[in-house]
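Worksheet: the structure to be examined is printed underneath.
Numbering starts at 1 and runs along the sequence shown.
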Amino acid sequence: MRWGIYGTGCIAEDFCKALGCMDQSLHEIVAVGCDDSKAASEFGKKFKIPNTYGCCEEFVRNKNIDVVYVSSPVGDRYEDCYLMIQYNKHVLCEAPCALRAEECFSLIEFARRNKVFFMEGIWMCFLPIFRHIKEEIDQGTIGDVKYFDAALFFDVLHKEKRSTTGISGGCISNIGVYLLWLVQFVFRENPEHVLTIGNFTSNGIDEACNIILLYQNGSKASLSCHSKLKGRADAWIYGTNGSIYIHPPLWSTNKITINSVETEIPLGLANPSTDVEFNYPESMGFICQAELVRHWIRAGFTESPLHTLTQTQAVSRLLETVREKLYRSRNDFSTVPVEEQLSFFEKMRCTII
């Protein structure tokens, strides 16, 4: 599989490092590009990539690229992915693939029409342990899921090359999207009510957010994310007959506790290198995602059976709802109508943990 890398930030570096730990006869990086020719050239030298490009239009004309890993700034991803698809490139795009749900839907429709593989890179869902969690929930091991609590505190805004302007650089876009995928993974339905409250930086972007979701059957979820503090990175799934605890780090865990019994499930790939220094902890998990993408493309798939395009659309809708509510309130909970506050918290009163 011949990879093209579009974007030269910290996460792109980690993806390339993970690919470097794999069988090079199966995963080869042939090109890198971004909107800065100097940055692309430096990145290419660092990872010994033969072709470097300073704009997307030049990058996509490389006929040796089979699949593109897109990790450009969130606000640019829609246009970047659209151009990749237009040139019949398969695409693996970092999450979220677009700022607005309408753009996400447009990309998916365009990819389907052009019959190319397209996937949003929520790489947590490709780890063996999350497939095991799904099996346990489906088998009724913890009964009916009634409450979900997850938190992800990670100092992402201070990472080198990370955009910190505009909503694309905020906590919701860069961290919260993973929690929203996880809550959709657990409940597999859209919430009936969404309530948010958060903090904003001096630049006007969200740096922290608390989200409460209420579902039609009475199930509830509480999500917390913070982009400046280091702390929790775990989750609890509570059911009528037990619980599942997802150990930290949430995004690349190999350990869960089901009804007080601890289980460890490794990545499942042969002897990955442990000497690689990543920008983000546990980025070796990219190996699972990259290998599955190679397998699905070779098999003729145009979407992932583990993270379908329909699921991508559902997460995108929820992400947009959360972001709109958060920015409308601007950290001032009093702007939410009093009747809505009282009604919502009355329903939550006895069950918030």
If we ignore hydrogens and angles and just use 3.5 Å, is the side chain of R2 paired with the main-chain N or O of D66 as donor and acceptor? no

Is there a side-chain contact between D23 and H27, using heavy atoms and a 4.5 Å cut-off? no

Least distance between heavy atoms, E303 atom then L309 atom: OE1-N, 2.9 Å

When the aromatic ring centroids of F148 and Y238 are compared, is their separation below 6.0 Å? no

Between T240 and D144, do the side chains contain a donor N or O and an acceptor N or O under 3.5 Å apart? no

Has D234 got a side-chain atom pairing as donor or acceptor with I246's backbone, closer than 3.5 angstrom? no

So with a 6.0 Å cut-off around CD of E189, is the heavy-atom count from everything else above 12? yes

Mind checking whether P266 and P128 have side chains closer than 4.5 Å, heavy atoms only? no

Which of T257, T263, T253 passes side-chain hydrogen bond (donor to acceptor under 3.5 Å, both in side chains) with H247? It is T257

Is it the case that atom CD in E277 sees more than 12 heavy atoms from other parts of the structure closer than 6.0 Å? no

Could you tell me which non-hydrogen atom of R317 sits nearest to which non-hydrogen atom of N190, and how far apart they are? NH2-ND2, 4.2 Å

Same cluster for V74 and F105 if Ile/Leu/Val/Met/Phe/Trp/Tyr side chains link at under 4.5 Å? no

Closest contact, heavy atoms only, G242 versus N259: CA-OD1, 2.9 Å

Check for me whether the distance between the ring centres of F301 and F117 falls short of 6.0 Å. no

Does a donor on one side chain sit under 3.5 Å from an acceptor on the other, for R323 and S173? yes

Should R294 and E291 count as an ion pair when the cut-off is N to O under 4.0 Å? yes

Going only through I, L, V, M, F, W and Y residues with side-chain contacts under 4.5 Å, is there a path from L19 to V70? no

Which side-chain N or O atoms in residues 93-101 pair as donor and acceptor under 3.5 Å with protein atoms at least two apart or in another chain?
unit_1, atom_1, unit_2, atom_2, d
E94, OE1, Y178, OH, 3.2
E94, OE2, Y69, OH, 2.8
R100, NH2, E103, OE2, 2.7

The reported gap from CD1 in I287 to CE in M284 (rounded to nearest 0.5 angstrom) is 4.5 Å

Taking atom types as modelled, is there a side-chain donor on N62 or Y53 under 3.5 Å from an acceptor on the other? yes

Are any of the side-chain heavy atoms of V194 and L318 separated by less than 4.5 Å? yes

Take the angle between the ring planes of F15 and W3 and call it parallel below 30°, perpendicular above 60°, tilted in between. perpendicular

Rounded to the nearest 0.5 Å, how far does CG of N210 lie from NE2 of H226? 9.0 Å

The reported gap from CD1 in I11 to OG in S283 (rounded to nearest 0.5 angstrom) is 5.0 Å

Testing the 3.5 Å rule here: is there a donor-acceptor pair between the side chains of T141 and E136? yes

Assess whether a salt bridge exists between K46 and E13, defined as any Lys/Arg side-chain N lying under 4.0 Å from an Asp/Glu carboxylate O. yes

Determine yes or no for a side-chain-to-main-chain donor-acceptor pair under 3.5 angstrom, with N279 supplying the side chain and C10 the backbone. yes

Shortest non-hydrogen pair, D206 vs I172, comes out as OD2-N, 2.7 Å

Given side chain to side chain contact (heavy atoms under 4.5 Å, CB included), test T8 with D36 step by step and report yes or no. CA-CA 9 Å; T8 57; D36 183 334; over 6 Å; no

What verdict does the side chain to side chain contact (heavy atoms under 4.5 Å, CB included) test give for Y245 and I256, after you've listed the backbone C-alpha separation in whole Å, the side-chain angles of each residue and the deciding distance to 0.1 Å? CA-CA 6 Å; Y245 175 60; I256 53 175; over 6 Å; no

Pairwise distance CZ(F130) to CE(M124) - rounded to 0.5 angstrom: 4.0 Å

Charged N to carboxylate O under 4.0 angstrom, D138 versus R188? yes

Under 3.5 Å, is there a donor on one side chain and an acceptor on the other for Y78 and S106? yes

Any chance you could lay out the side chain to side chain contact (heavy atoms under 4.5 Å, CB included) test for Y147 and K220, step after step, and finish with the verdict? CA-CA 5 Å; Y147 191 86; K220 303 166 184 70; 3.9 Å; yes

Does a donor on one side chain sit under 3.5 Å from an acceptor on the other, for T201 and N203? no

Do K89 and V67 make a side-chain contact, defined as non-hydrogen atoms from C-beta onward lying under 4.5 Å apart? no

Hey, what do you get for CD (Q311) to SG (C125), rounding to the nearest 0.5 Å? 7.5 Å

If you define the side chain from C-beta out and look only at heavy atoms, does anything of H90 sit under 4.5 Å from V68? no

From Y280, F126, F286, F154, residue fulfilling ring pair (Phe, Tyr, Trp, His ring centres under 6.0 Å) relative to W251: F154

Would you say CD of Q24 has more than 12 non-hydrogen atoms from neighbouring residues, nucleotides or ligands within 6.0 angstrom? yes

Taking a hydrophobic cluster as the set of Ile, Leu, Val, Met, Phe, Trp and Tyr residues connected by side-chain heavy atoms closer than 4.5 Å, whether directly or through intermediates, do L182 and I265 fall within one such cluster? yes

Please step through side chain to side chain contact (heavy atoms under 4.5 Å, CB included) for the pair E102 and E320, ending with a clear verdict. CA-CA 10 Å; E102 181 183 2; E320 185 171 75; 5.7 Å; no

Check whether any side-chain heavy atom of I211 sits under 4.5 Å from a side-chain heavy atom of L195, and report yes or no. no

Closest non-hydrogen contact found for L152 with A233 is CD1-CB, 3.9 Å

Does any non-hydrogen side-chain atom of D149 lie less than 4.5 Å from one of R232? yes

Can you confirm whether S243 sits close enough to W236 that some side-chain heavy atom of one is under 4.5 Å from a side-chain heavy atom of the other? yes

Salt bridge flag under 4.0 Å for residues E207 and K228: yes

Y87 with L92, same ILVMFWY side-chain cluster at under 4.5 Å: no

Is atom CD of E79 surrounded by more than 12 heavy atoms (other residues, nucleotides or ligands) closer than 6.0 Å? no

Verify, without hydrogens or angle tests, whether K115 (side chain) and R113 (backbone) share a donor-acceptor contact under 3.5 angstrom. no

Residues sharing L26's hydrophobic cluster, by side-chain heavy-atom contacts under 4.5 Å among ILVMFWY, directly or via others? none

Name of the residue among L107, V293, I85, D80 meeting side chain to side chain contact (heavy atoms under 4.5 Å, CB included) with V91: I85

N/O donor-acceptor pair under 3.5 Å between N114 side chain and V116 backbone: no

Aromatic contact between Y327 and F200, with the criterion being ring centroids under 6.0 Å apart: yes or no? yes

Atom pair CG (D14) and CD (E282), whose distance is rounded to the nearest 0.5 Å: 11.0 Å

Using only atom types and a distance under 3.5 Å, with no angle test, would you say the side chain of T308 pairs donor to acceptor with the backbone of S304? no

Shared hydrophobic cluster, I297 / I108 (ILVMFWY, side-chain heavy atoms < 4.5 Å): no

For A111 against F118, the heavy-atom pair lying closest together: CB-CB, 3.6 Å

